[in-house]
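Structure, as structure tokens:
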Amino acid sequence: MKLIFAAVAVSSVMAFPAFASMDLAKKNACMACHAVDKKLVGPSYQDVAKKYGAQKDAAATLAKSIKAGGAGKWGPVPMPAQAALSEADALVLANWILAGAK
């Protein structure tokens, strides 16, 4: 019985970040410039996943880019730094983006 309860608890925690990540992206104004499946000011999250998904340490690299901001990777419009975002939240967002922002 304990094993079943543990499995349910783990699966619900593992499913939670997908929902939390969209909320986290909205909370931090990411959705003002990015959309899941189309270019706005910045690239779509799906395009980011295609570009970086196969790279080694893609999540850590993307999380660092989210926190530091940057320019020139996707065109002339710079992405502002999200310095106030915690490392953990940046990594949650990066993993969510790399998973197709679903």
Side-chain angles (χ1 to χ4, degrees):
M1 184 68 170
K2 288 181 183 179
L3 183 59
I4 292 171
F5 178 75
V8 169
V10 168
S11 66
S12 64
V13 168
M14 291 177 69
F16 181 71
F19 298 112
S21 299
M22 177 62 87
D23 290 338
L24 191 58
K26 288 178 182 177
K27 175 183 169 190
N28 289 285
C30 303
M31 303 306 287
C33 295
H34 300 279
V36 172
D37 59 355
K38 63 183 175 186
K39 180 184 182 334
L40 294 179
V41 175
S44 73
Y45 290 137
Q46 290 176 351
D47 287 343
V48 173
K50 287 177 192 172
K51 183 172 183 175
Y52 296 108
Q55 292 183 8
K56 183 178 179 182
D57 298 327
T61 301
L62 186 55
K64 183 178 176 183
S65 182
I66 291 168
K67 290 218 18 113
K73 296 176 188 174
W74 295 93
V77 178
M79 183 176 120
Q82 297 291 323
L85 191 66
S86 72
E87 299 286 333
D89 283 349
L91 194 56
V92 167
L93 284 170
N95 281 309
W96 174 69
I97 291 165
L98 292 169
K102 297 178 182 177

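Position 1 is the first residue of the sequence; numbering continues from there.
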Non-hydrogen atoms of [X] and [Y] that approach each other most closely:
{"X": "V92", "Y": "S21", "value": "CG1-OG, 3.3 Å"}
{"X": "A81", "Y": "A68", "value": "CB-O, 3.4 Å"}
{"X": "A49", "Y": "G100", "value": "CB-N, 4.4 Å"}

How about NZ on K50, more than 12 heavy atoms from neighbouring residues, nucleotides or ligands closer than 6.0 Å, or not?
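No, the 6.0 Å shell around NZ holds no more than 12 heavy atoms from other groups.
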Separation between CG of L40 and CE of M31, rounded to the nearest 0.5 Å:
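If I round to the nearest 0.5 Å, the distance is 8.0 Å.
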Drop me the distance from L24's CG to L85's CG, to the nearest 0.5 angstrom.
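With rounding to 0.5 Å, CG (L24) is 6.0 Å from CG (L85).
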So among I97, D89, T61, which one has a side-chain contact (heavy atoms from CB on, under 4.5 Å) with I66?
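In the set I97, D89, T61, the residue that makes a side-chain contact (heavy atoms from CB on, under 4.5 Å) with I66 is I97.
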Sort and list the pairs that fulfil side chain to side chain donor-acceptor pair (under 3.5 Å) and have at least one residue in residues 63-77, not counting sequence neighbours.
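Qualifying pairs, neighbours excluded: S65-K73.
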Just grab all the side chain to side chain donor-acceptor pair (under 3.5 Å) pairs involving residues 25-45, residues at least two apart or on different chains.
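Residue pairs passing side chain to side chain donor-acceptor pair (under 3.5 Å), neighbours aside: S44-D47.
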Less than 4.5 Å apart, any side-chain heavy atom of Q55 and any of L62?
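The answer is no; the side chains never approach within 4.5 Å.
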Who pairs with L91 by side-chain contact (heavy atoms from CB on, under 4.5 Å), at least two apart in sequence or on another chain?
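Applying side-chain contact (heavy atoms from CB on, under 4.5 Å) to L91 gives A59, A63, N95.
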